[in-house]
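One structure is given here, and the rest of the page talks about it.
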Amino acid sequence: MTNRWQDAQKAELKDWKNNQVCDFELKEVEKKYKLFLKQLAETIKIGKRWKILDLGCGPTCISRYLPVSIKIGLEPLAGKLNLKNKLIAGIKILEGKAEKIPFNDKYFDLVICRNAIDHMETPQKAIKETSRVLKNKGYFILAVYVYPYPIALFKKLSEKIPFLKNIEHPFTFTIQSLKKLIQKDFILKKEFVIHTGYHPNDYGKVNEKVSKRTLLEKTAIFINFKVFREKWFVKEYCLLLRKK
Ligand SMILES: C[S@@+](CC[C@H](N)C(=O)[O-])C[C@H]1O[C@@H](n2cnc3c(N)ncnc32)[C@H](O)[C@@H]1O
């Protein structure tokens, strides 16, 4: 018996094993975040000796662009991706989930989590854990794709329709629901739109068996996977947060 999260992770693993996807993601992260993180590091004066946790780091490890010496990446697929206990771009990768971070309370100065919270099993638990492992007033950079409410609702409904399901994303956030998720544990310091517009993974992959579908199904797939990921409907959004 597998649950929703395990199904998502199976699809995620298949994706990461396709090197082209990994290269593409890395280029995207570089394009969108390199300069942004450099500017952010100046705004919040990141200390060289800070301890940083990269939650759901994947093989891309966005924290590679942060100028700090002690970096840990936590990734549930670390073993299966042959990354476990390896050093990738100066980041020590551990296997584990954000819902159970294998570190003591108040260990990290900064946690960064990009494009992973909507992939998790229980985002609320991950937020609590992030707060637990952060030092008092520690920083949390949380970035994820967000959708306007009607689209988010449509995405939630598509969960019930196998051929429309966005398998890799068990959760869908709006800006409002993202802020609600963090409000008990974090203070919002700044918010940024990182990027708007097309990204092939915003909505998951177009079902490869699309040619076997009826015209109605094909239309629904087209709308769900192509139209709704245009710039009017999806934003990559980043919250700069401070532990309460
Ligand atoms: C789309 S990838 C993003 C990887 C990287 N952060 C980036 O921006 O390129 C999402 C990652 O979240 C990981 N993930 C899924 N569930 C998780 C959980 N419960 N805790 C931590 N990471 C998780 C997945 O295994 C996957 O590698």
Side-chain angles (χ1 to χ4, degrees), residues 2-34 36-37 40 52-66 71-84 86 88-103 108 110-133 140-146 166-173 181 192 194-195 199-205 229 234-239:
T2 61
N3 67 18
R4 177 69 182 87
W5 180 73
Q6 285 165 335
D7 289 344
Q9 286 300 93
K10 260 191 221 154
E12 191 73 28
L13 180 63
K14 209 168 140 203
D15 241 10
W16 282 136
K17 285 202 162 162
N18 172 357
N19 285 333
Q20 274 175 328
V21 171
C22 191
D23 287 349
F24 177 85
E25 282 289 335
L26 196 53
K27 277 192 199 116
E28 281 288 297
V29 166
E30 175 164 16
K31 191 170 74 190
K32 294 178 187 170
Y33 283 89
K34 203 173 173 181
F36 169 75
L37 286 180
L40 197 67
I52 290 193
L53 174 65
D54 189 339
L55 267 188
C57 59
T60 41
C61 299
I62 185 176
S63 58
R64 68 176 69 218
Y65 301 119
L66 287 168
K71 295 186 223 175
I72 306 286
L74 193 66
E75 170 53 56
L77 296 174
K80 293 194 170 105
L81 290 171
N82 207 13
L83 300 171
K84 194 169 164 181
K86 292 208 170 134
I88 308 287
I91 301 144
K92 173 89 186 271
I93 313 286
L94 303 181
E95 183 168 290
K97 290 170 68 177
E99 290 88 344
K100 199 166 188 284
I101 301 174
F103 282 89
F108 292 100
L110 186 153
V111 175
I112 184 163
C113 176
R114 186 249 163 190
N115 191 11
I117 194 83
D118 52 350
H119 290 251
M120 291 180 186
E121 187 167 20
T122 324
Q124 193 69 67
K125 262 196 205 163
I127 297 295
K128 275 260 163 285
E129 272 292 89
T130 302
S131 165
R132 180 185 68 74
V133 298
F140 181 26
I141 300 169
L142 177 63
V144 69
Y145 290 105
V146 293
N166 183 345
I167 190 72
E168 286 164 22
H169 301 90
F171 291 89
T172 299
F173 289 98
L181 183 76
F192 313 83
I194 301 286
H195 177 77
H199 178 291
N201 294 339
D202 292 351
Y203 244 84
K205 313 291 171 311
R229 53 172 131 134
V234 59
K235 277 191 189 106
E236 194 168 349
Y237 210 70
C238 177
L239 304 181

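Remember, predicted model here, so these are calculated numbers, not experimental data. Note that ligands are numbered from 1 as they come in the structure, with each ligand's atoms numbered from 1 the same way.
Nearest protein heavy-atom contact of atom 2 (S) of ligand 1 is Glu12 OE2, 3.4 Å. With hydrogens left out, the protein atom closest to atom 18 (C) of ligand 1 is Met120 CG, 3.4 Å, a heavy atom. The single protein non-hydrogen atom nearest to atom 14 (N) of ligand 1 is Pro76 CG, 3.8 Å, given as residue, atom name and distance. Among protein heavy atoms, atom 4 (C) of ligand 1 sits closest to Gly56 O, 3.3 Å. Considering only non-hydrogen protein atoms, atom 15 (C) of ligand 1 sits nearest to Gln9 OE1, 3.1 Å. Looking from atom 9 (O) of ligand 1 to the surrounding protein, the closest heavy atom is Thr60 OG1, 2.5 Å. The nearest protein atom to atom 16 (N) of ligand 1, hydrogens excluded, is given as Trp5 NE1, 2.9 Å; this is a heavy-atom distance. Closest to atom 12 (O) of ligand 1, if we only count protein heavy atoms, is Ala116 CB, 3.5 Å.
Ring-plane geometry between Phe171 and Phe173 is classed as parallel, the angle between the planes falling under 30 degrees on a 0 to 90 degree scale with a further cut at 60.
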**Prompt:** Step by step, would you call Glu168 with Lys14 a salt bridge (charged side-chain N to carboxylate O under 4.0 Å, His left out)?
**Reply:** CA-CA 10 Å; Glu168 286 164 22; Lys14 209 168 140 203; over 6 Å; no
**Request:** Applying salt bridge (charged side-chain N to carboxylate O under 4.0 Å, His left out), run through Glu28 and Lys31 and close with a yes or a no.
**Result:** CA-CA 5 Å; Glu28 281 288 297; Lys31 191 170 74 190; 3.0 Å; yes
**Asked** Going through the checks in order, is the side-chain contact (heavy atoms from CB on, under 4.5 Å) test met by Asn115 and Ile62?
**Response** CA-CA 10 Å; Asn115 191 11; Ile62 185 176; over 6 Å; no
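For the ligand labelled ligand 1, residue Ile62 lies outside the 4.0 Å heavy-atom shell. Residue contacts with ligand 1: Leu77 is included, with a non-hydrogen atom under 4.0 Å away.
A donor-acceptor pair under 3.5 Å is absent between the side-chain atoms of Glu121 and the main chain of Trp5, judged by distance alone. Of the possible donor and acceptor atoms, none in the side chain of Glu95 sits under 3.5 Å from a partner among the backbone N and O of Lys84. Of the possible donor and acceptor atoms, none in the side chain of Glu236 sits under 3.5 Å from a partner among the backbone N and O of Ile194.
Taking distance alone, with nitrogen or oxygen atoms compared against 3.5 Å, Arg114 approaches ligand 1 more closely than that limit. Every N/O-N/O distance between Lys97 and ligand 1 stays at or above 3.5 Å.
With a heavy-atom cut-off of 4.0 Å, Cys57 touches ligand 1 through its backbone alone. Contact annotation for Ala98 and ligand 1: heavy atoms of both the backbone and the side chain come within less than 4.0 Å of the ligand.
Here the two rings, on Phe36 and Phe192, have centers that are under 6.0 Å apart.
Looking at Glu121, Glu75, Glu25, it is Glu75 that brings a heavy atom closest to atom 24 (C) of ligand 1.
Atom-to-atom distance recorded for Leu26:CG and Arg64:CZ is 4.5 Å, nearest 0.5 angstrom. Between atom CD1 of residue Ile72 and atom CZ of residue Phe108 there is a gap of 5.5 Å, rounded to the nearest 0.5 Å. A distance of 11.0 Å separates CG in Leu110 from OG1 in Thr130, rounded to the nearest 0.5 Å.
Every atom of ligand 1 is numbered from 1 in the order shown, and the set under 4.0 Å from a heavy atom of Glu99 is 18 (C), 19 (N), 20 (N). Those atoms of ligand 1 that come under 4.0 Å of a heavy atom in Asn115, given as number and element, are 1 (C), 2 (S), 3 (C), 10 (C).
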